[in-house]
Structure formats: C-alpha cells, structure tokens
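Everything on this sheet refers to the single structure shown next.
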Amino acid sequence: MSVKVRFAPSPTGKLHVGNVRTALVNWMFAKGQGGSFVLRIDDTDLARSTAEFEQGIEDDLTWLGMLWDERYNQSKRFDRYEEAAARLKASGRLYPAYETGEELDRRRKVQLARGLPPIYDRAALSLTDEDKAAFEAEGRKPHWRFKLEGKRVAWEDLARGHAEVDTASMSDPVLIREDGLFLYTLPSVVDDIDMGITHVIRGEDHVTNTGAQIEIFEALGGPTPGFAHMPLLVGEDGSALSKRLGSLSISEMRDLGYEPIAITSHLGRIGTSDPLEVGASVEALGESFAFTKMGRSPARYDTADLDRLNAQALHAMDYATAQPRLEALGVDLGEAFWAVVRPNLQKFADVVELAKIVRGPVTPVVEDAAFAAAALELLPETIDETAWSAWTTAIKDKTGAKGKALFMPLRLILTGQPHGPDMAAIVPLIGRERMIQRLKGETA
Ligand code: GLU
C-alpha cells in the first residue's frame with residue numbers, strides 16, 4: 001500500500017517553524033518512498049480562520065518546496081461530518097450533554113478537593129427524555145460527547161515505539177459544541193478515513209488525543225492509520241519553544257533572507273542522527289529521512305545552526321541558480337564575480353554590498369600614504385589572475401612589509417573594509433582604473 005500522509009494546519013495564524021517541521025516530516029516520509037502528501041486546511045472554526053492565513057500557508061509550503069498532491073478544506077466537508085455524527089449518535093457513542101462551563105468547573109473542583117481525577121462524570125448519560133426536553137425548553141442547547149470505551153488503546157508509534165493511552169482516565173471528548181461547531185477531533189478522523197491517510201504524523205502533544213481518536217476510527221469502522229508523534233522543538237537553551245513560535249514565522253524568515261533549503265535542512269535534520277548539514281534539495285532530504293534516525297529527545301532549534309546552514313547553502317549555490325536573483329538585485333556582474341563573493345555571503349542580499357567593491361563607490365582607508373604611493377608605482381600594467389601575487393611580491397621587496405602588514409593595508413585601500421573576498425580573485429574585477437583611484441585615496 002502506498003503511503004499517504006496529511007499536513008493539517010488551521011488557518012488561524014502564520015506557519016511557524018514548529019508546524020513547518022511537522023509538514024516537512026510528513027512530506028519527507030511520504031516523498032522518500034514515493035507516497036503522496038495531502039494539504040488539509042482545518043478550517044471548521046469559520047470565525048477564526050481567514051483566507052489570508054490560508055493563502056500564507058500555501059505560499060510558505062510552495063516557497064519551501066513542499067508541494068502537495070491533494071488539497072482539501074474541512075469547511076467544504078460538513079456534510080461528511082454530519083453523516084459521521086449521525087452514525088455515532090445512532091450507535092449511542094455520541095451523546096448530548098447540557099452542562100454549562102461553570103457547572104463543569106464546579107464539579108472539577110469538587111473532584112479535585114476529594115482527590116479524584118477531574119474527569120467528566122457522564123451525568124448526561126442518565127438524563128431522561130423529559131430532562132432533556134426541560135433543558136431545551138430553558139433554551140439550553142446540547143454539546144455532544146463521544147463515549148469512550150475506557151480501555152488501554154495501544155499502537156506501535158513510528159517515532160516513539162510501543163505507545164499506550166488509557167482512555168478510562170480521560171473525559172469523554174466534546175466533538176460538537178453547543179453552537180454546532182465541529183471541534184477538530186471528529187472531522188480529522190472522518191477525513192483521514194475518507195482520504196485514505198495511511199500515517200498520521202504530528203507532535204507528541206497529540207498523544208492523548210490519539211487514544212480517543214483511535215476509538216473514533218474504530219467506532220466509524222476505520223481503517224485506523226499508523227501514527228508517529230514527534231518530540232517537540234526546544235530552543236537553543238533546551239526550553240520549550242512553544243511560547244516563542246509566534247515570532248518564528250516562515251514569512252518573517254523569508255523576509256530576513258533565509259534560504260528555503262537552509263530552513264528545511266535544519267528543521268528536517270534536528271533531532272535525528274543525520275549530520276546537521278545543508279541538503280542538496282528538499283527531495284534529497286526526503287530520500288535520507290527515516291523515523292529510525294529520530295531520537296526521543298527534543299529537537300533543538302538553534303538560530304546559530306540555521307545561520308551556518310544558510311551560509312553553507314549560499315557557498316554551494318551555482319551561478320545558474322544565483323543569476324536571476326543577482327539580476328533582480330541589479331548586481332549580476334557575471335560568473336567570476338559570483339565565484340569570488342559567494343564564500344563571503346551569510347545572506348544572499350550581502351552580495352549588494354560586495355558588488356560595491358567591484359563597481360564602487362568604495363572610500364579607501366589609507367593609513368600610510370607612502371605605502372599607498374609605493375604600491376601605486378608598482379601596479380602591473382595588466383590586472384589578471386596572476387597580477388596580485390606578482391604585485392604584492394614587488395611591494396614586499398620594496399617596502400619590507402610582509403604578512404598582515406602587507407595585505408591588510410592593500411585590502412583597506414582597495415575595498416574600504418578589513419574583511420572580504422579573496423583579493424587575488426577580486427582585483428581583476430575591480431580593474432586597473434579603479435585600483436589607481438583608490439590607491440590615490442579617491443572614492444571610486
Ligand atoms: N489542525 C490540527 C493541529 O494543527 C491538526 C493535528 C493533526 O495533525 O491531526 O493541531
């Protein structure tokens with residue numbers, strides 16, 4: 001059976017590194033073995049879902065290279081959820097309850113005071129038809145709870161190994177709210193069945209939920225998919241990232257100049273035994289992915305690692321790939337230029353500053369006018385790849401300067417900065433005219 005997974009975000013916010021990691025692990029797991037990836041927009045909550053967030057999700061996944069094979073909106077499938085709810089009602093697994101939030105709170109407090117677990121006492125199951133009619137006459141509307149069997153639900157989790165949840169220690173989950181809103185739990189199961197999802201891959205915060213959902217899969221006649229619950233992301237200091245996730249949106253990272261392959265390499269490889277290096281492509285990440293490489297320890301999201309991978313991705317980028325982007329920034333100065341500057345990039349846009357070294361304007365930093373004058377006098381007629389070595393040897397012989405004392409003043413004069421590209425390779429691009437001007441201390 002071919003693998004089919006789904007990524008099911010709610011369009012109530014921007015995608016952040018946490019949910020993109022979930023998307024990516026789904027994508028890699030499926031694509032690594034020729035399976036398919038479903039994008040399912042969990043938008044049953046019409047009041048909180050927006051078209052902008054939905055568009056943002058598509059844009060982000062596309063930008064990251066995670067294309068989907070099928071796409072659904074839960075908001076277009078309410079008839080399927082109604083049908084499933086009707087079946088569960090008919091079999092007695094979905095029952096109406098009329099307690100208000102305050103009533104439930106009060107009961108929970110009493111239970112806790114008595115040292116009992118605060119789980120729903122199923123009082124609604126003993127309501128008579130008259131009781132229900134009386135509530136309805138008061139204007140109360142029921143919410144609907146799924147009657148758990150209360151048993152050990154076990155599964156072989158691809159990420160965690162043998163997993164078990166005791167549904168006897170859980171409250172019967174509310175599947176439909178008073179106002180008729182389908183909460184996530186039931187639609188998700190209905191969709192996973194209808195769409196033929198073979199594996200549900202999500203964060204370990206869903207483990208308990210899975211116990212209830214497996215019971216719902218069974219109550220609806222299944223089949224029950226396989227499950228994988230991934231360890232959650234933590235920050236560089238090991239603390240939970242959940243509170244900071246809002247500020248780690250993918251759109252913001254795009255604006256900050258991160259390369260998609262750096263983001264996918266980082267998110268796809270943290271918490272696994274693969275080395276934290278940039279992948280050749282998101283497809284290549286998929287080919288090397290396996291749950292057996294994923295440990296039980298949390299995955300550490302570290303901006304310093306991301307920065308390192310970003311630089312790595314740029315240093316390996318060929319000219320054909322870079323060219324349209326160089327052109328868009330107005331700095332396509334040819335393949336030789338790209339080859340010289342790419343090892344100096346942290347972010348692609350750094351290339352704009354580096355282009356100034358070649359095209360100007362550079363304000364030379366001349367610390368020793370006599371040294372600059374001597375260098376100017378010895379400047380070769382032709383500035384080609386061999387010019388730098390011949391020139392600096394001549395300057396060394398004449399002035400006695402060597403090592404850093406020789407190279408740093410030349411770099412400061414010719415580029416205006418203490419760091420930058422390989423001088424031997426950049427001087428032919430700067431050209432003799434500009435070199436002369438800069439050696440004379442002129443901005444050029
Ligand atoms: N919309 C749910 C969420 O974002 C989906 C969870 C799942 O993958 O089942 O938490």
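Numbering starts at 1 and runs along the sequence shown. When a ligand or atom number is given, it counts from 1 through the structure's own listing order.
Closest to atom 8 (O) of ligand 1 among all protein heavy atoms lies Arg6 NH1, 2.7 Å. Of all protein heavy atoms, the one closest to atom 6 (C) of ligand 1 is Tyr184 OH, 3.3 Å.
The pair Arg177-Asp179 counts as a salt bridge, with a side-chain nitrogen and a carboxylate oxygen less than 4.0 angstrom apart. Here Glu103 does not pair with Arg108 in a salt bridge; the nearest charged N to carboxylate O distance is not below 4.0 Å.
Distances below 4.0 Å separate heavy atoms of Asp42 from the following atoms of ligand 1: 1 (N), 2 (C), 5 (C). Contact atoms of ligand 1 toward His206: 6 (C), 10 (O) (distance under 4.0 Å to a heavy atom of the residue). Close contacts of ligand 1 with Ser10, meaning ligand atoms under 4.0 Å from a residue heavy atom, involve 1 (N).
Note: an N/O pair closer than 3.5 Å links Arg202 and ligand 1 by distance alone. At least one N/O-N/O distance between Ala8 and ligand 1 falls below 3.5 Å.
Side chains of Asp42 and Gln74: a donor-acceptor N/O pair is present below 3.5 angstrom, by distance only.
With a heavy-atom cut-off of 4.0 Å, Phe7 does not touch ligand 1 at all.
For the residue pair Ala154 and Glu164, the shortest heavy atom distance occurs at CB-CG, 3.6 Å. Heavy-atom minimum distance, Arg438 versus Val358: NH2-O, 4.3 Å.
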Given Asp131 and Thr128, is the side-chain hydrogen bond (donor to acceptor under 3.5 Å, both in side chains) satisfied, shown in steps?
-> CA-CA 5 Å; Asp131 295 333; Thr128 63; 3.1 Å; yes

